[in-house]
Amino acid sequence: MLKKIPHTYTIISVIILLCALLSWVIPAGEYARETLVVNGTERTVIIDNSFHAVEKTPQTWQVFTALLRGFEQQAGIIAFLLIIGGAFQVMNSSRAIDVGIFSFLGYTQSLERYRFMRRIGVNNVIIALVMLLFSLFGAVFGMSEETLAFVIIVIPLAISMGYDSITGLCMVYVAAHVGFSGAMLNPFTIGIAQGLSGLPLFSGIEYRFFCWLVLTVVIIACVLVYAARIKRNPRLSPMYEADAYWRNRQGEQLEQVVYSTPVRAYVVYFLVGLALVLFSICYPRTLFSVGDREVALYAVPVCSLLFLVLGWLGLRKSSHFFILTLLAFTVVFLVIGVMGYGWYLPEISGIFLAMGIFAGFAAGKDADGIIKQFMDGAKDMLSAAIVVGLAGGIIQVLQDGRIIDPILHGLASLLGEAGRMVSLWGMYVIQTLINLIIPSGSAKAALTMPIMAPFSDVIGISRQATVMAYQFGDGFTNMLTPTSAVLMGALGIARIPYEVWIKWFWKILLVLILLGFLLLVPTVLFNLPGF
């Protein structure tokens with residue numbers, strides 16, 4: 001019989017205590033730092049050969065402040081979770097997502113009449129296409145925190161298709177982070193690391209595209225194999241009993257849904273349409289940055305016009321389809337905002353909050369009814385918020401104990417006199433280990449690349465290869481480390497306990513890490529473009 005894995009809170013609390021213990025054991029130290037402008041943004045970076053000892057600050061009673069300080073550190077993610085939970089609960093109460101899911105499934109089932117689609121499986125195509133899309137988002141503009149908004153949409157879809165919440169989480173969160181790991185144009189990792197290494201921005205894209213394609217195909221294959229197994233026997237899922245929450249939310253028969261369009265839905269359509277017209281006048285052209293190239297498109301006016309047409313058609317059917325149109329264009333404008341205007345958590349939270357409020361009024365609810373549903377949704381996210389706060393507490397204890405820099409310095413010193421390939425693999429391992437305590441890609445680039453880039457020159461390794469070792473090391477373990485606020489938030493939304501996730505995901509993570517070792521080999525043995 002397998003031993004019971006401790007609760008998520010227990011695991012993270014033990015890690016906090018372990019970090020406090022390490023602050024007594026590891027000699028405190030720091031690197032000197034300077035501020036540089038990298039790709040137009042100020043970054044604090046380490047000065048080479050500047051590591052020095054400092055006075056120890058062992059952590060004792062401070063472990064009891066870790067939760068509060070973790071909440072302070074991760075306040076943006078926590079507030080985002082609560083807003084997303086509340087907004088989608090308002091939308092869910094309208095039954096619009098249920099109507100949309102079952103309409104979508106009805107359409108896909110109709111494709112089964114084609115022999116080719118029957119042979120490959122319509123559901124397999126859906127899973128593969130959704131994962132390919134999110135992997136591309138991760139590779140191009142570093143989608144990470146943004147996935148949280150989509151988890152709550154795709155999980156019910158996966159459940160309705162006969163799968164489980166793990167499959168749904170993989171379709172969005174895992175796909176985006178595998179794309180993040182094999183990124184081609186991610187400005188938050190590749191852009192910063194190459195800038196700090198003195199390399200042309202987004203150079204070496206040819207081999208990076210190959211790596212992204214390999215990693216994406218592998219993760220899609222892994223998820224399809226698992227999904228097929230769960231489809232045959234749903235009880236094999238480690239989340240079968242817990243997923244009753246999602247199944248119960250869809251238990252009510254759609255025949256009981258009253259298809260109508262209240263007057264308030266027309267009012268919402270008019271107000272949103274007016275706002276989009278004004279935005280179209282203010283922002284007629286949007287400048288999208290893709291890699292080192294820029295292209296100007298009439299994105300806001302075109303999408304606004306599409307909303308006015310499709311929104312009106314949705315109103316003619318029922319408020320449910322109009323609310324689904326609101327959701328779809330919220331996602332569209334989110335992509336425009338992120339890629340064209342540099343949106344982050346405040347703007348994304350704002351657009352989803354507006355979506356929730358408008359969806360509530362379009363469904364015929366009054367202000368009190370919308371607030372009640374919002375509070376219920378935010379309450380469901382409380383557990384996830386506490387986990388994120390605890391995860392932030394781990395970083396806080398390490399920082400206050402002044403042992404992050406000594407750990408980094410010690411790992412870098414381990415490379416010693418090893419050969420080129422072993423040294424490159426060593427850098428990869430070091431980046432992977434560092435990522436367990438510093439999950440932020442941009443922060444880790446600023447910490448490690450000023451050390452790793454000059455070191456690669458000494459041992460005869462391409463700086464481009466060093467950036468790739470950082471890239472793989474930064475990405476894969478993001479999907480397992482409890483210090484990642486995004487992971488803990490995604491698991492909280494999906495209602496997957498961290499202990500269950502570890503037990504399920506570690507084998508896939510091992511495959512990805514080993515694949516990273518193999519993909520680094522050609523960077524040493526062959527003359528690749530940009531390397």
Side-chain angles (χ1 to χ4, degrees), residues 71 74-101 145-146 148-153 155-156 245-246 248-252 256-276 307 311 314-315 318-331 333-334 337 343 345-389 489-490 492-495:
F71 262 84
Q74 303 292 351
I77 294 286
I78 292 169
F80 181 66
L81 285 173
L82 297 177
I83 291 171
I84 289 293
F88 273 95
Q89 178 57 35
V90 175
M91 175 165 283
N92 287 334
S93 66
S94 72
R95 304 296 314 278
I97 291 181
D98 290 347
V99 169
I101 287 174
E145 288 88 348
E146 297 87 350
L148 298 177
F150 296 94
V151 170
I152 202 168
I153 301 173
I155 294 283
Y245 167 84
W246 297 103
N248 291 340
R249 287 180 63 167
Q250 299 174 336
E252 189 178 340
Q256 299 175 7
V257 176
V258 178
Y259 291 90
S260 63
T261 305
V263 174
R264 290 183 184 183
Y266 287 96
V267 174
V268 169
Y269 171 78
F270 173 77
L271 292 176
V272 174
L274 180 61
L276 291 178
F307 170 81
L315 285 171
S318 77
S319 62
H320 304 89
F321 291 96
F322 172 67
I323 292 171
L324 288 173
T325 305
L326 273 177
L327 173 60
F329 278 89
T330 298
V331 174
F333 283 108
L334 181 151
W343 282 10
L345 293 181
E347 295 84 3
I348 297 171
S349 299
I351 194 172
F352 275 106
L353 177 59
M355 176 204 71
I357 293 172
F358 285 133
F361 280 118
K365 298 182 184 300
D366 58 15
D368 287 348
I370 292 173
I371 291 172
K372 180 181 182 303
Q373 292 296 331
F374 184 90
M375 295 300 293
D376 288 343
K379 183 173 64 178
D380 282 345
M381 289 292 109
L382 181 60
S383 177
I386 293 175
V387 170
V388 170
I493 293 172
R495 308 181 79 86

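Note that CG of Asp380 and CG of Asn92 are 10.0 Å apart. Values are rounded to the nearest 0.5 Å. Atom CD of Gln89 and atom CD1 of Ile152 lie 8.0 Å apart (nearest 0.5 Å). One finds the NE2 atom of His320 at 12.5 Å from the CG atom of Leu315 (value rounded to the nearest 0.5 Å). One distance of note links CG of Asp366 with CZ of Arg264; it measures 6.0 Å at 0.5 Å rounding. The line from CZ of Phe270 to CG of Leu274 is 5.0 Å long, rounded to the nearest 0.5 Å. Remark: Ile83 CD1 to Phe374 CZ distance equals 6.0 Å, nearest 0.5 Å.
Using a 4.5 Å heavy-atom threshold, the side chains of Ser94 and Ser319 count as separate. By the 4.5 Å heavy-atom criterion applied to side chains, Ile357 and Leu353 are counted as neighbours. Glu347 is not listed as a side-chain neighbour of Ile351, based on a closest heavy-atom distance of 4.5 Å or more.
Contact detail for Leu148 and Ile493: the closest heavy-atom pair is O-CD1, 3.5 Å. The nearest pair of heavy atoms linking Met91 to Ala359 is CE-CB, 3.9 Å. The heavy-atom pair separating Ala494 from Ile155 by the smallest distance is CB-CD1, 3.8 Å. Considering all non-hydrogen atoms of both residues, Phe80 and Ser349 come closest at CD1-OG, 2.9 Å. Between Leu334 and Trp343 the shortest heavy-atom distance is CA-CZ3, 4.2 Å. The two atoms that bring Phe321 and Val99 nearest to each other are CZ-CG1, 3.8 Å, heavy atoms only.
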**Asked** Hey, mind stepping through Ile153 and Leu327 against side chain to side chain contact (heavy atoms under 4.5 Å, CB included) and telling me if it holds?
**Response** CA-CA 10 Å; Ile153 301 173; Leu327 173 60; 3.8 Å; yes
**Item:** Audit row: Phe333, Phe329, side chain to side chain contact (heavy atoms under 4.5 Å, CB included) steps and yes/no
**Value:** CA-CA 6 Å; Phe333 283 108; Phe329 278 89; 4.2 Å; yes
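Under the 30°/60° scheme for interplanar angles, the aromatic rings of Phe322 and Phe307 are found to be tilted.
At a threshold of 4.0 Å, the pair Lys372-Asp368 does not count as salt-bridged, since none of the basic side-chain nitrogens sits closer than that to a carboxylate oxygen.
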